[in-house]
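Worksheet: the structure to be examined is printed underneath.
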2 protein chains.
Amino acid sequence: MEPVPMLLAMTYRAMGDQFHDRLAQIGLEPLRPAHGYVFRFLKARRATTVDIGQHLGVTKQAAAKIVNELDEWGYVIREPHPTDKRAQYVTLTTKGRDYLKFADNLWSDLESEMAEAIGPDSLATIKTGLTAYLQHVHGDDQPGLRPVW
Amino acid sequence: MEPVPMLLAMTYRAMGDQFHDRLAQIGLEPLRPAHGYVFRFLKARRATTVDIGQHLGVTKQAAAKIVNELDEWGYVIREPHPTDKRAQYVTLTTKGRDYLKFADNLWSDLESEMAEAIGPDSLATIKTGLTAYLQHVHGDDQPGLRPVW
DNA sequence: TAGGGTTAGACAACTTGGTTGACTACTTTG
DNA sequence: CAAAGTAGTCAACCAAGTTGTCTAACCCTA
């Protein structure tokens, strides 16, 4: 059998392919993966462009480009930082939150289909196993979902 | 708990980070991910540049660049195709096979450490579960490990 | 078996998503 | 209060991909 890392990659790729197929079918504006990672990051915390760059693992200039796009397209807005006059908080608009919610539903559908295919017990074991591993690696401050290049 | 696809991505990313850290420590020439995918593809089958492009999901021109690099660096050679005078088979050299073997050992180490962290039974269930899902999705012709970006 | 459509690979021009570097305005620290 | 550090922007560059074009070889069919 294939080693675990390959199985993880193959499975994620298989689910990701279906995810994008369905997004395309629905006709929802197809954002690039980086945008999704930003949405997910902003959902949890307030963040500046620099924070976003750090999370994505790119320079602040690259992050700024992405934030500019998302702003132009209406998915995020920039708000003045309450205490630091240099900085701006980037936050999701309603449109941004809606897109994220829609994507989450799609992922959730795929998870359900996996449960049907391999059985809910199997799925549950996988989830707790992976979660335990992440706990083992990162301890108590999980970095969250970062790009898998 | 996070949905499965995110768990898959986070776990793969966590393992990948460790993989690259260790590669760098050893001081082995750091190839890019695409090269790894090519090695793994060539291990199983004889392939032309076009085949490689298809597998990676890029144009044949992009694939040709990668193959050129790998050739210059001594990881692959091009051999005349036995029946088609236009085409060339790309095959791994000893250096290429050695690199792949080394990488496989590293991945295997990471799998062992996962087994320690979450228990071998848990790991086994994960592997059979993911394998079953891939069987469910792709049926009998598995596309193998393709890039996840 | 000739001829038309297709395919492998090479070459060139261009696009894109990132990089490094420099600068201003503001903040933090000694 | 001065010096060092940081958020964000502008500009130049780079790398990895793209499209488009071409030649030589292949393959089908009438």
Side-chain angles (χ1 to χ4, degrees), chain A residues 13 16-17 20 24 29-42 45-73 75-92 146-149, chain B residues 13 16-17 20 24 29-42 45-73 75-92 146-149:
Chain A
R13 165 78 195 239
D17 285 350
H20 285 100
E29 284 187 65
L31 304 179
R32 276 170 286 120
H35 302 122
Y37 288 106
V38 172
F39 286 0
R40 228 161 272 285
F41 184 62
L42 292 181
R45 72 207 90 249
R46 320 189 72 196
T48 66
T49 299
V50 170
D51 295 334
I52 292 172
Q54 286 239 314
H55 180 249
L56 294 181
V58 300
T59 58
K60 58 183 180 176
Q61 293 90 331
K65 273 191 199 174
I66 294 171
V67 170
N68 273 330
E69 287 176 340
L70 289 176
D71 188 351
E72 282 173 27
W73 301 338
Y75 292 102
V76 304
I77 52 170
R78 292 180 179 88
E79 298 177 319
H81 191 289
T83 67
D84 187 337
K85 282 180 198 148
R86 295 167 305 173
Q88 290 175 314
Y89 272 138
V90 181
T91 61
L92 288 172
R146 291 162 300 158
V148 185
W149 51 51
Chain B
R13 166 77 196 241
D17 285 350
H20 284 101
E29 284 187 67
L31 304 179
R32 277 170 285 122
H35 302 121
Y37 288 106
V38 172
F39 287 178
R40 228 160 270 286
F41 185 62
L42 292 181
R45 73 208 88 246
R46 320 188 72 197
T48 66
T49 298
V50 170
D51 295 334
I52 293 172
Q54 287 240 313
H55 180 250
L56 294 181
V58 300
T59 58
K60 58 184 180 174
Q61 292 90 330
K65 272 191 201 174
I66 294 171
V67 170
N68 273 331
E69 288 176 340
L70 289 176
D71 189 350
E72 282 172 28
W73 301 340
Y75 291 102
V76 305
I77 52 172
R78 292 183 180 86
E79 300 177 319
H81 192 289
T83 66
D84 187 337
K85 282 179 199 150
R86 295 166 306 171
Q88 291 174 314
Y89 271 137
V90 180
T91 62
L92 288 173
R146 290 162 300 158
V148 183
W149 49 57

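Chain identifiers are assigned alphabetically (A, B, ...) following the order of the sequence lines, protein sequences preceding nucleic acid strands; residue numbering begins at 1 within each chain. Quick caveat: nothing in here was measured; it's all calculated off a predicted structure.
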**OP:** Measure the spacing between CZ of F41(A) and CG of L56(A) and express it to the nearest 0.5 Å.
**Re:** 8.0 Å
Original post:
Taking atom OH of Y89(A) and atom OG1 of T49(A), what is their separation to the nearest 0.5 Å?
Top reply: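 If I round to the nearest 0.5 Å, the distance is 12.0 Å.
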Just the rounded figure in Å: distance from [atom2] of [N] to [atom1] of [X].
X      : N       : atom1 : atom2 : value
K85(B) : dT7(C)  : NZ    : C1'   : 16 Å
R78(B) : dA8(C)  : CZ    : C1'   : 12 Å
Y37(B) : dG17(D) : OH    : P     : 13 Å
Q54(B) : dA8(C)  : CD    : P     : 8 Å
N68(B) : dC11(C) : CG    : P     : 9 Å
H81(A) : dT28(C) : NE2   : C1'   : 14 Å
I52(B) : dG9(C)  : CD1   : C1'   : 13 Å
R32(B) : dA15(D) : CZ    : P     : 10 Å

Subject >> Residue whose closest nucleotide on DNA chain C lies nearer the 5' end, A63(A) versus D84(A) >> reply: A63(A)
Original post:
Any donor-acceptor pair under 3.5 Å between the side chain of Q61(B) and the base of dG20(D)?
Top reply: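 Check passes, donor-acceptor contact within cut-off.
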**OP:** Examine the base of dT7(C) for any acceptor or donor lying under 3.5 Å from a partner atom in the side chain of R86(B), and report the outcome as yes or no.
**Re:**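 Flag set: donor-acceptor pair detected.
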From the set [options], return the single nucleotide nearest to any side-chain atom of [X].
X      : options                  : result
V58(B) : dG18(C), dG17(D), dG9(C) : dG17(D)
K60(B) : dT9(D), dA10(C), dT7(C)  : dA10(C)
T48(B) : dA8(C), dT18(D), dG18(C) : dA8(C)

**OP:** Name the nucleic acid region contacted by T59(A), choosing base, sugar-phosphate or nothing; use a 4.0 angstrom heavy-atom cut-off, strictly under.
**Re:** base
Original post:
Start at the 5' end of DNA chain D and walk down; is the nucleotide closest to K65(A) or to A87(A) reached first?
Top reply: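 It is A87(A), whose closest nucleotide lies nearer the 5' terminus.
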Original post:
Are any side-chain N or O atoms of D51(A) and backbone N or O atoms of T48(A), one a donor and one an acceptor, separated by less than 3.5 Å?
Top reply: yes
Original post:
If you draw a 6.0 Å radius around CD in Q54(A), do more than 12 non-hydrogen atoms from other residues or ligands fall strictly inside?
Top reply: no
Subject >> Which atom of H55(A) lies closest to which atom of P147(A), heavy atoms considered >> reply: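 Scanning both residues completely, I find the closest heavy atoms to be O-CD, 4.1 Å.
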